[in-house]
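Just follow the structure's listing: the first ligand is 1, and inside any ligand the first atom is 1.
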Amino acid sequence: LPPGQREVCDWPVLDLGAQPKIKLETWQLVIDGAVATPASLSWNDVLAQPQSAVISDIHCVTSWSRFDNHWEGVSARHILGLVHPIADARYVVFHSFDGYTTNLPLAAFDDDDVLLAHSWEGKPLNAAHGGPLRAVVPKRYFWKSAKWISRIEFSITDRPGFWEVRGYHNEADPWTEERYS
Ligand SMILES: Nc1nc2c(c(=O)[nH]1)N[C@H]1C(S)=C(S)[C@@H](COP(=O)(O)O)O[C@H]1N2
Ligand SMILES: [Mo]
């Protein structure tokens with residue numbers, strides 16, 4: 001358990017309070033910005049990509065942690081192979097259907113445990129927890145794991161997201177308690 005955290009066995013729901021209504025038939029994930037080959041994936045396209053399974057822990061900045069979550073989805077590394085970030089790309093911004101954004105260094109996105117997840121514990125991820133597709137970035141506090149993702153934007157410059165411009169730490173490493181800046 002990282003410092004200042006306690007384990008929970010349930011899974012709290014935290015967001016801005018407006019759950020977007022999403023239809024799978026019209027759902028799209030745009031991947032663009034500082035990449036050589038931008039992509040736009042339909043839901044069927046997502047399911048047609050190689051699928052990965054990851055078991056990881058959740059650490060929320062509000063001090064709860066949840067161990068051993070079984071996720072399934074498309075790995076960040078596979079996405080990098082699809083769109084080929086240009087040499088100067090250094091950052092990633094997740095955009096979500098509720099207007100939420102959060103930023104990551106490209107080096108943090110490019111990790112073997114980072115997933116675009118559509119399933120949790122063997123079942124489709126429910127809407128409250130970010131279904132149909134959310135980011136899961138286990139080595140950062142959970143606000144970096146955007147729910148309901150609509151766009152992954154690669155960037156040469158850093159662009160702090162919703163909570164990062166409101167005083168949350170830009171890096172968000174739970175092991176060194178990078179909670180607020
Ligand atoms: N789209 C979106 N993603 C989001 C948020 C949000 O408000 N909107 N909140 C973040 C925060 S602060 C947390 S702690 C986690 C909560 O995820 P959960 O509700 O599945 O526990 O989602 C993160 N991702
Ligand atoms: Mo949070």
Exercise. Assign the ring pair His59 / Trp175 to parallel, tilted or perpendicular, where the plane angle (0 to 90°) is split at 30° and 60°.
Key: perpendicular
Quiz item: Between Arg140 and Phe142, is NZ or CZ placed under 6.0 angstrom from the six-membered ring centre and within 45° of the ring axis?
Solution: no
Quiz item: So which residues, sorted by chain and number, lie with a heavy atom under 4.0 Å of ligand 1?
Solution: Trp11, Pro12, Val13, Leu14, Asp15, Leu16, Cys60, Trp64, Ser96, Asp98, Tyr100, His129, Arg134, Phe142, Trp143, Ser145, Ala146, Lys147, Trp148, Trp163
Quiz item: Quick one: are the ring centres of Phe154 and Tyr91 less than 6.0 Å apart?
Solution: no
Self-check item: Those residues that, when tested against His129, pass ring pair (Phe, Tyr, Trp, His ring centres under 6.0 Å) (two or more places apart)
Solution: Trp11
Quiz item: Who passes side chain to side chain contact (heavy atoms under 4.5 Å, CB included) against Glu178, sequence neighbours left out?
Solution: His169, Glu171, Asp173, Thr176
Practice problem: Name all residues meeting the salt bridge (Lys or Arg N to Asp or Glu O under 4.0 Å) criterion together with Asp57; count only those two or more places apart in sequence or in a different chain, and write none if there are none. | Solution: none
